[in-house]
Amino acid sequence: MRWNLDALYPYFDSSEFQGDMKRCEEEIQEIIQWAEANFTTHDKPVEKIEVYMERQNRFFHLYTRLLSFGELSLSVNAKDERALRVVEHLEARETELAKPMVMFQKWIGELDDLEKVIASSKRLEEHLFYLMEIKKNGKYLLSEGEEILVAKMKNTGSNAWSKLQELLSSTLLVDINIDGEDKKLPLPVVRNMAYAKDAALRKKAYEAELKSYEKVAESSGASLNGIKGEVITLSKMRGYGSVLEKTLMDSRMDQETLDAMLTAMVESLPTFHRYYRRKAELLGHENGLPFYDLFAPMGDVKMEFTYEEAKDFIVKNFRSFSDTLANYAAHAFEKGWIDAEPREGKRGGAFCSNLHVIKESRILSNFTGTFNDVSTLAHELGHGYHGHCLNDETYLNSDYPMPIAETASIFCETIIQKAALKGASEEEVFAILESSLMGAGQVIVDIYSRFLFERELFKRREEGSLSVEELKEMMIRAQKEAYGNGLDHHVLHPYMWVCKPHYYYGEANYYNFPYAFGLLFAKGLYAEYMKRGTKFIKEYDQLLSITGKKSIADVASTMGIDIRQADFWRSSLKIIEDDIEAFIALKK
């Protein structure tokens, strides 16, 4: 249940790692010198763009290999000082490329006939979207010197705050008494108790979790204020109307699409509230669901899995969709691409790191044997499969935006759920539906609360730093608006801004609505799969393969989907709403 990173490097002191570190330094200097010599005139534009892009592809293959080894090592051991030094060193060195990148962006922006230049070269045509996006974003650039300074200062600004928060959450030990014994347990272990069958344990874990945040609340609040303050300053300096506008541009998405999706989401909230109230009633609560029972498992069936059973379940059900997907998952399990064991020092939650340079992935999860853990593994394997479909693209054409990033992962979750429902007893159907709705509620209702919180956070942070109490009040207010009467308003989670790492990414703000986009887009795609049958599989793989070189609207249009219309999102939400009605009907 621990991953193997040997395909990247055997260890930090290996000749392979040290040799690549040296080569990385050399390539940085070569790129800088080449840019300074060539981006002063606009002669030979085709040749210059081709050479620069080739140098970029080669460098980032090398750089991401080194950085990924450091970051992945650090993610399973927050106290790995060597890994931390490596990551910090590489991040600092990458800032040296700010100058040539700014020179290239400005040089591209000054080319009046860029489209004609691109059309004259097959290699450039393959990167049409990438090059036109650079030209479009060029107007938000600062001066060369300012961009270099910003890149350097981020390492002691938002990046440093982010690392502090990750260290705090990864090393936080929760004081909890279990079976009469006082224990100090890692935060992810205690948070996972929210899925325990024992109601008393769920409540005890929730109370201990909230109490533990008092140890790190002030530091986390300082980190959050520092990061968001930097983001606001830079957005204004660059000329963006707001941080959200910048996020939408980075996401290759427009406000019209976001508004259409949010409209449909808000319309669906009363149905989710009915689900939460019904779950509360079944668990014996009168005033809505207390937060500590939000993830309470339901049903009298044993939905527990060993790691081996989880693997077999996932691979078998993936095969019901396609052999390619199933073979990818089986390979990931067999070759040690997954780190699933919860342990002290390991970060909580789950993620997938697609390693384009070696055409592999590495997946982190904290597996405890619940059906939800199986779904999480399937989710992350979906991310990995997305990367697999991009293996034949260049590095520059493999970088897809956040909203589309959740498509393959949630599509895989849907495969698992639908396959599990086949042949299940009524009680098993109830348990599976509940698990699915629990996840959907997080991605629609809780994500909406996080969006509301972050929107208010940016608005108020412009006026000054916010205290821990203010942040707690904002989170409670957002949860009340999103969850409505579905939750007991006296038992919410005021520290959700501490335990969610997404708020602490200086380069990825509003890391919430992409999850809702992914869920609903994937549900819509699954509905298309049901209509089109096996012919859909090839179209689906093709869709994933172009996500790095088109806008989201254009990617969706390849399937005949218009994401700027609320009706598409309503149709996707209708699938979830039907599951809610089925859930309620099963226990009337």
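The basis for the numbers below is simple: all heavy atoms, side chains too, and nothing from hydrogens, waters or symmetry mates.
Under 4.0 Å is where a charged nitrogen must lie from a carboxylate oxygen, and between Glu147 and Lys99 no such pair does. Here Lys531 pairs with Glu528 in a salt bridge; the nearest charged N to carboxylate O distance falls below 4.0 Å. Ion pairing between a basic and an acidic side chain is recognised when a charged N comes within 4.0 Å of a carboxylate O; Lys549 and Glu126 show no such pairing. Glu115 has no carboxylate O lying under 4.0 Å from a charged side-chain N of Lys135, or vice versa, which leaves the two without a salt bridge.
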Discussion item. Determine whether Asp254 and Thr257 satisfy the following criterion, side chain to side chain donor-acceptor pair (under 3.5 Å), listing intermediate values before the conclusion.
Written reply: CA-CA 6 Å; Asp254 51 45; Thr257 298; 2.7 Å; yes
Fill in: Intermediate values then yes/no, side chain to side chain donor-acceptor pair (under 3.5 Å), Tyr328 and Ser361
CA-CA 10 Å; Tyr328 167 80; Ser361 304; 3.2 Å; yes
Discussion item. Using ring-ring contact (aromatic ring centres under 6.0 Å, His included), reason through Phe521 and Phe411 one step at a time and then give a plain yes or no.
Written reply: CA-CA 9 Å; Phe521 190 56; Phe411 192 91; 10.0 Å; no
Item to complete: Might you work through the ring-ring contact (aromatic ring centres under 6.0 Å, His included) test for Tyr511 and Tyr503, ending with a clear yes or no?
Response: CA-CA 7 Å; Tyr511 203 152; Tyr503 296 121; over 10 Å; no
Practice prompt. Go through the steps for Glu27 and Phe60 under the test side-chain contact (heavy atoms from CB on, under 4.5 Å), then give the verdict.
Written response: CA-CA 10 Å; Glu27 291 215 5; Phe60 281 109; over 6 Å; no
Practice prompt. Show your reasoning for whether side chain to side chain donor-acceptor pair (under 3.5 Å) applies to His386 and Thr407.
Written response: CA-CA 9 Å; His386 193 165; Thr407 303; over 6 Å; no
Practice prompt. Kindly indicate, with the supporting measurements, whether the criterion ring-ring contact (aromatic ring centres under 6.0 Å, His included) is fulfilled by Tyr529 and Phe321.
Written response: CA-CA 10 Å; Tyr529 166 51; Phe321 175 71; 5.1 Å; yes
Item to complete: Would you please test Asn512 and Glu454 for side chain to side chain donor-acceptor pair (under 3.5 Å) and show each step?
Response: CA-CA 9 Å; Asn512 36 61; Glu454 194 157 4; 3.0 Å; yes
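Across all non-hydrogen atoms, the minimal contact from Pro401 to Ser251 is CB-O, 3.2 Å. Listed here is the closest heavy atom pair of Tyr505 and Pro501: CE2-O, 3.5 Å.
Residues Asn327 and Phe318 are not in side-chain contact: their nearest non-hydrogen atoms beyond the backbone lie 4.5 Å or more apart. Under the 4.5 Å side-chain criterion, counting only non-hydrogen atoms from C-beta, Met253 is in contact with Phe517.
By the ring pair (Phe, Tyr, Trp, His ring centres under 6.0 Å) test, Tyr130 is found to be paired with no residue, residues two or more places apart in sequence or in another chain being considered. Not a single salt bridge (Lys or Arg N to Asp or Glu O under 4.0 Å) links Asp80 to another residue, sequence neighbours left out. Annotation: ring pair (Phe, Tyr, Trp, His ring centres under 6.0 Å) contacts of Phe351 (sequence neighbours excluded): none. By the side chain to side chain donor-acceptor pair (under 3.5 Å) test, Gln105 is found to be paired with no residue, residues two or more places apart in sequence or in another chain being considered. When the side chain to side chain donor-acceptor pair (under 3.5 Å) test is applied to His388, no partner is found at least two apart in sequence or on another chain. In this structure, the side chain to side chain donor-acceptor pair (under 3.5 Å) partners of Glu146, at least two apart in sequence or on a different chain, are Ser143. Take Asp541 and apply the side chain to side chain donor-acceptor pair (under 3.5 Å) test, not counting sequence neighbours, and it matches Tyr385. Taking Trp107 as the reference, Phe39, His42 meet the ring pair (Phe, Tyr, Trp, His ring centres under 6.0 Å) condition, with sequence neighbours excluded.
More than 12 heavy atoms of other residues, nucleotides or ligands sit less than 6.0 Å from atom CG of Asp323. Heavy-atom contacts from other residues, nucleotides or ligands closer than 6.0 Å to CD of Glu26 number more than 12. Taking a 6.0 Å sphere around NZ of Lys538, one finds it holds 12 or fewer heavy atoms contributed by other residues, nucleotides or ligands. Atom CE of Met249 is surrounded by more than 12 heavy atoms from other residues, nucleotides or ligands within 6.0 Å. Counted within 6.0 Å of CD on Glu507, heavy atoms from surrounding residues, nucleotides or ligands total 12 or fewer; the atom is thus considered open.
At distances below 3.5 Å, at least one donor-acceptor pair connects side-chain atoms of Ser14 with backbone N or O atoms of Tyr11. Using modelled atom types, one side-chain atom of Ser162 and one backbone atom of Tyr504 make a donor-acceptor pair closer than 3.5 Å. At least one donor-acceptor pair under 3.5 Å links the side chain of Asn57 to the backbone N or O of Leu396. Checking side-chain atoms of Thr547 against main-chain N and O of Leu544 turns up a donor-acceptor pair under 3.5 Å. At distances below 3.5 Å, not a single donor-acceptor pair connects side-chain atoms of Glu360 with backbone N or O atoms of Leu355. Side-chain N or O atoms of Lys136 include none that pairs as donor or acceptor with a backbone N or O of Leu131 at under 3.5 Å. Looking only at distances, a side-chain donor or acceptor of Arg461 sits under 3.5 Å from a matching main-chain atom of Asn225. With hydrogens and angles disregarded, no donor-acceptor distance shorter than 3.5 Å links the side chain of Glu144 to the backbone of Met103. A donor-acceptor pair is defined here as one N or O able to donate and one able to accept, closer than 3.5 Å; no such pair exists between the side chain of Asp554 and the backbone of Lys550. Listed for the Arg362 side chain is a donor-acceptor partner under 3.5 Å among the backbone atoms of Asn4.
Donor-acceptor pairing under 3.5 Å is lacking for the side chains of Ser398 and Glu393. Donor-acceptor pairing under 3.5 Å is recorded for the side chains of Glu406 and Ser409. For the residue pair Lys228 / Asn509, a side-chain donor-acceptor distance below 3.5 Å is found, with atom types taken as modelled. Counting only N and O atoms by type, the side chains of Lys48 and Thr41 include a donor and acceptor under 3.5 Å apart.
Here the CZ-CH2 distance, from Arg564 to Trp569, works out to 11.5 Å after rounding to the nearest 0.5 Å. In this structure, CD in Glu413 is found 10.5 Å from CD1 in Ile314, a value given to the nearest 0.5 Å. Taken to the nearest 0.5 Å, the CZ atom of Phe69 stands 9.0 Å off from the OH atom of Tyr9.
Within the structure, every pair that satisfies the side-chain hydrogen bond (donor to acceptor under 3.5 Å, both in side chains) test and touches residues 513-527, not counting sequence neighbours, is listed here: His502-Tyr515. Here salt bridge (Lys or Arg N to Asp or Glu O under 4.0 Å) pairs that include residues 89-98, with residues two or more places apart or in two chains, are Glu25-Arg93, Glu91-Lys163, Arg93-Glu96, Glu96-Lys152. Pairs engaging residues 5-22 under the salt bridge (Lys or Arg N to Asp or Glu O under 4.0 Å) rule: Asp13-Arg82, Asp20-Arg23 [sequence neighbours left out].
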Can you give each donor-acceptor pair under 3.5 Å made by side-chain atoms of residues 118-125, sequence neighbours left out, with the distance rounded to 0.1 Å?
residue, atom, partner, partner atom, Å
Ser120, OG, Val117, O, 2.6
Ser121, OG, Glu50, OE2, 2.6
Ser121, OG, Arg123, N, 3.4
Ser121, OG, Leu124, N, 3.2

